[in-house]
Amino acid sequence: MKKLDYTPNLAARSLSNPNAQSIGVVFPPMADKYQMSNPFYIGALASINRISQKKLYTVNTATGDSYEEILTSVKLLINRGQATRFIMLYSEQDDPVYDYLLDNDQQVTVIGSRKQPSDPVKTVDTDNHLLGVQSTEYLLERGHQTILFVTNSTEPILILDRFLGYQEAMFKHHVVAPPIFLLDTDEKAPLFINTLKELKPDAIIAVDDIFALHLMQAINETGLNIPEDLSLLSCNNSPFAQVIHPYLSSFDVNVAELGEMAVKQLVEPSMSNSILVPFKLIERESVIDRKKNVKNHERRNKCPKLQISKDSRLI
């Protein structure tokens with residue numbers, strides 16, 4: 001075959017062998033170091049690999065710095081027969097990769113939401129609206145009143161879902177909800193610091209643990225202390241949640257189960273087309289109960305103070 005300069009047609013081999021099945025895992029654009037270091041994607045891929053091997057499926061990935069590069073990678077996987085179905089590790093509002101897969105009738109599971117309710121894709125997701133509600137109510141129940149929702153992007157659908165949940169909880173408890181704060185560039189750091197000084201929030205909801213660590217650094221530079229002055233609540237419960245003190249209180253979205261369910265959804269016809277994976281809060285050190293602090297302060301003030309006269313003597 002080398003003498004004839006022949007390259008085997010992998011797509012033809014795949015078609016001739018119905019047992020040769022493979023899954024293409026599509027990553028979001030990885031142009032910035034923040035995305036590249038996000039453990040959510042590595043955790044999901046590890047779970048997908050593990051379950052795919054049990055199901056006798058191979059796994060190939062489609063990555064790139066931009067949507068254009070990812071789309072090129074996806075087309076190569078399809079044309080070479082290296083992916084017979086796809087798992088997308090993200091869902092964003094304007095995504096040509098998503099549109100291409102749908103337009104070409106590919107079998108797709110999205111770890112996230114459909115762009116449109118009628119889109120013919122399967123989804124495995126966290127109830128991000130409920131997560132937004134519960135994270136906000138968790139802080140409100142602990143005496144926080146000025147809660148700021150901070151993110152590094154508004155493109156992911158999950159961010160908008162969480163923010164809507166945050167707004168709903170604030171409205172329900174008759175508390176004013178500040179606008180979403182988008183901290184997507186280093187140039188906006190001074191604006192974030194000014195917002196802390198002017199708004200004086202007593203709690204922040206961060207989009208995930210890595211981003212929360214960046215916020216923690218900026219907050220410390222202002223002289224504020226976490227959680228004494230400002231509570232910080234995060235999401236994903238990644239290893240980064242326990243990198244530095246105070247350890248982050250963070251919602252565990254069960255990344256391993258998201259990956260596992262995505263594979264099963266693709267290869268098992270009996271699985272539901274829409275699956276919600278439960279989440280839970282892991283409480284650590286970055287959120288304080290302000291109500292308890294107030295009660296303790298009041299209790300100390302009510303205690304009678306020891307009166308010592310000027311001529312008292314220690315014996």
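Worth saying up front: this structure is predicted, and the values here are computed from it rather than measured.
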Knowing that exactly one of D208, V207, L213 qualifies, which makes a side-chain contact (heavy atoms from CB on, under 4.5 Å) with I210?
D208
Give me the ring orientation class for F149 and F163: parallel if the planes are under 30° apart, tilted from 30 to 60°, perpendicular past 60°.
perpendicular
Do [X] and [Y] sit in the same hydrophobic cluster, where Ile, Leu, Val, Met, Phe, Trp and Tyr count as joined when their side-chain heavy atoms come under 4.5 Å apart?
X: I157; Y: I205; result: no
X: I111; Y: I51; result: yes
X: I282; Y: I288; result: no
X: V243; Y: L215; result: yes
X: V150; Y: L230; result: yes

With a 4.5 Å limit on heavy-atom distance, are the side chains of P39 and F240 in contact?
yes
Heavy-atom side-chain contact between H129 and E168 under 4.5 Å
yes
Looking only at side chains, do T84 and Q21 share a donor and an acceptor under 3.5 Å apart?
yes
Give me each pair satisfying salt bridge (charged side-chain N to carboxylate O under 4.0 Å, His left out) with a member in residues 194-206, each pair once, sequence neighbours excluded.
none
Is the backbone N or O of Q106 less than 3.5 Å from a side-chain atom of N104, with the two atoms forming a donor-acceptor pair by type?
no
Main-chain N/O of E260 paired with S47 side-chain donor or acceptor, under 3.5 Å
yes
Return the set of residues passing side-chain contact (heavy atoms from CB on, under 4.5 Å) with N254 (not counting sequence neighbours), or none when no residue passes.
D252, A256, E257, V277
Show, in sequence, the C-alpha distance, side-chain angles and deciding distance for N273 and R114, and conclude whether the side chain to side chain donor-acceptor pair (under 3.5 Å) test is met.
CA-CA 11 Å; N273 287 338; R114 298 175 181 86; over 6 Å; no
Minimum heavy-atom separation for P178 to I147, with atom names?
CD-O, 3.4 Å
